[in-house]
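We use all heavy atoms of the structure for the numbers below, so side chains are in, but hydrogens, waters and symmetry mates are not. It should be emphasised that the depicted structure is a prediction, and the values quoted were computed from it without experimental measurement. Here is the naming used below: chain letters follow the sequence lines, and residue numbers restart at 1 for every chain.
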Number of protein chains: 2
Amino acid sequence: MRAAAYLGEGTIEVLNVPAVPPDPGQVQIAVTYTGICGTDLHILHGEMDARVRIPATIGHEMSGVVAAVGRGVEDLRVGDPVTVMPLRWCGRCPACRAGQQHICQNLDFVGIDSPGSLQALWTVPADIVVPLPPGLQLRTAALVEPTAVAVHDVGRSGLSAGEKVVVVGGGPVGQLIALVVRAEGADVLLLEPDQFRRGVGERLGTRSLDPLAVDVGEEVLTWTGGAGAAVAFEVSASEPGVRTALDVLGVRGRMVVVGIHAVPRPLNLHRVFWRELTLVGARVYTRPDVERAVQLLADARIPADQLVTHVLPLSEAADAFAALGSGGDVMKVLVDCREERAS
Amino acid sequence: MRAAAYLGEGTIEVLNVPAVPPDPGQVQIAVTYTGICGTDLHILHGEMDARVRIPATIGHEMSGVVAAVGRGVEDLRVGDPVTVMPLRWCGRCPACRAGQQHICQNLDFVGIDSPGSLQALWTVPADIVVPLPPGLQLRTAALVEPTAVAVHDVGRSGLSAGEKVVVVGGGPVGQLIALVVRAEGADVLLLEPDQFRRGVGERLGTRSLDPLAVDVGEEVLTWTGGAGAAVAFEVSASEPGVRTALDVLGVRGRMVVVGIHAVPRPLNLHRVFWRELTLVGARVYTRPDVERAVQLLADARIPADQLVTHVLPLSEAADAFAALGSGGDVMKVLVDCREERAS
């Protein structure tokens, strides 16, 4: 069968490799779609070589169908549509002992720290497989993982219906956060300098402004009747994004740190003190977040599939990465991993 | 009667001024003690001239006895021991409308924005007067206000009994936070580079280490069995303090921003994300915080009076400020405002 493999900085190649049959407690999935994530791009750029083992089959946003089950797996059957929650925890570290397994201090992020789904047949432990309801298209289901990220981020904000929320950054995660916030009955303003991304937001019904072209502070004050926003999601991973997310908040506002900031950022702690703001970090998701994401997508409460701008076959995996890396009119890139199977 | 007045950068003088009789709804208090706060020092240094009206009688940490009551005041009588919660809110701004009156966006901080208690007779609205229980010494009661700050800070942390807590900065507020945390049944480590302040902490039974002399990270890991602290209070208002407070936290740890940071601080948002940390600002106190502080002091559950290192008469108010500003072996300085009254 075919698998896309990261071979070192800048290089993805599709190789012919033997499929891995499922051991007891494992499931072999015929992968339908794998979405490419910003983290996958960082891997391609060689920035995460300390975590991946070359040749590395990466990929962790996916949907597929059960192809085979190992002994002892009773709740999944061949043909079941599934996705995977790509987290494996140690169960012993302080995070796990505190009931925060999703941020286990020895976390195995499947698709980074261990083999991922950019291959035709993917074998994983049964306990991280998540069944999908029959009505959910597999193309849409490839977005369960990033939607679970958004569900988790919104959960960490303590959002209430009717609150006014600013999302800073309109990439796929920012767009999904805006959609989840709206599904929760709150109001959203998306800030995004890129015109294409703003256009995606607007087409999805999310009010989207260019923070470089408007006075964001005035806009938010007018919108919120002088109070400021209740919640801001920092998804841009940029220094100006941090400043903006903090500055738009009203008294007791909450800022959720979603973006991954490689360096310390200047933060106005006086404002945190003065307005009694809260900053809260949000990373990955829990199983209930994933199940909630499945439900939101299955019920068509959020039109996440409209974020898909490109679908390429596995044989063109390198082009799929290039499309995402181009920074042009691209939002979510899926790789179609189906093939004539001859393992 | 006599009143200490700030007359401009560096100058405090004691003046003879007429006492203000209480209007309807007001109470005139014979001030017993007024504590000097770091904010009062900032005023003396000319850093808050935009907020004070010269000549300014400042002071907001106090205890006293009701000397006269205005018409309509029914729950207070001459001779009652009292303190004051020195906050007056507008009732109309977004903060007040959200039920967060204590951080009203037009807050009148009595003793800064309006006349304070560094005088023999102080007239204030009855609704900010807080009665004291009979057993509470007025010297101790002068510490109700900073103790209420500590109670509020600890409340904002969401502390649970048994948690392990780091306090960064061992001035009066840091010491009081450590005492309140201990009264709540949690364990404290105080970090303070000044030897005298560490000595005060140790005498109060708070384990106190010099962060410049020990490996704080190792100390906290050993103390917490590898987990990291559940809560850190940043009270030092310094850049290294911010770094330390963040670095000692375990998964889902909470950092309370107590210190007033005049400039933005570099903050490791990657750690906030990775460990799902929470930062929370804490400013002043609510009425329940003040009442809880009164109770903690009245029940002798925290020995706050041991923080008092200097008591000077009102006639030596300038020396009292000089003692606090010296940075030597000083913790809490009280001014005894009693006099032979001839208003």
Residue part contacting chain A, namely of B:Leu267, when any heavy atom lies under 4.5 Å | both
For the student: nearest non-hydrogen atoms of B:Pro94 and A:Gly226, plus distance = CG-O, 3.6 Å
Can you tell which part of A:Arg243 gets under 4.5 Å to a heavy atom of chain B, answering side chain, backbone, both or neither?
-> neither
Turns out that what part of A:Ala95 lies under 4.5 Å from chain B's heavy atoms comes down to both
I would like to know whether A:Leu279 and B:Leu277 meet side-chain contact (heavy atoms from CB on, under 4.5 Å); could you show each step before the answer?
-> CA-CA 8 Å; A:Leu279 269 77; B:Leu277 305 180; over 6 Å; no
Flag yes if more than 12 heavy atoms outside A:Arg51 fall under 6.0 Å of its CZ atom; otherwise flag no.
-> yes
Examine whether an atom of A:Arg156 lies under 4.5 Å from a heavy atom of chain B, and if so say whether it belongs to the side chain, the backbone or both; otherwise answer neither.
-> side chain
Nearest non-hydrogen partners of A:Val257 and B:Val272, listed with the distance = CG2-CG1, 4.0 Å
Answer with side chain, backbone, both or neither: which region of A:Glu234 has an atom nearer than 4.5 Å to a non-hydrogen atom of chain B?
-> neither
Measure distances from A:Glu276 to the heavy atoms of chain B and classify the residue's part below 4.5 Å as side chain, backbone, both or neither.
-> both
Which residue out of B:Gln100, B:Gln105, B:His270 racks up the most heavy-atom pairs below 4.5 Å with chain A?
-> B:Gln100
CH2-CD1 distance between B:Trp274 and A:Ile103, expressed to the nearest 0.5 angstrom = 10.0 Å
When only pairs under 4.5 Å are counted, which of B:Ala227, B:Cys93, B:Ala237 shares the most heavy-atom pairs with chain A?
-> B:Ala227
Check step by step if side-chain contact (heavy atoms from CB on, under 4.5 Å) holds for B:Thr278 and A:Thr278.
-> CA-CA 7 Å; B:Thr278 297; A:Thr278 297; 3.6 Å; yes
With only heavy atoms counted, which part of A:Val242 is less than 4.5 Å from chain B, the side chain, the backbone, both or neither?
-> side chain
Among B:His261, B:Arg252, B:Arg254, which residue forms the greatest number of heavy-atom pairs with chain A at distances under 4.5 Å?
-> B:Arg252
With a 4.5 Å cut-off on heavy-atom pairs, point out which of A:Val284, A:Val258, A:Leu269 contacts chain B the most.
-> A:Leu269
How about A:Arg207: does its CZ atom have over 12 heavy atoms from other parts shown lying under 6.0 Å from it?
-> yes
Please report the C-alpha distance between B:Ile260 and A:Phe273 in whole Å, then the side-chain angles of each, then the deciding distance to 0.1 Å, and finally whether the side-chain contact (heavy atoms from CB on, under 4.5 Å) criterion is met.
-> CA-CA 7 Å; B:Ile260 301 179; A:Phe273 157 81; 3.8 Å; yes
Picking from A:His152, A:Met255, A:Arg271, which has the most non-hydrogen pairs under 4.5 angstrom with chain B?
-> A:His152
Just wondering, are more than 12 heavy atoms of other shown residues or ligands nearer than 6.0 Å to CZ in B:Arg88?
-> no
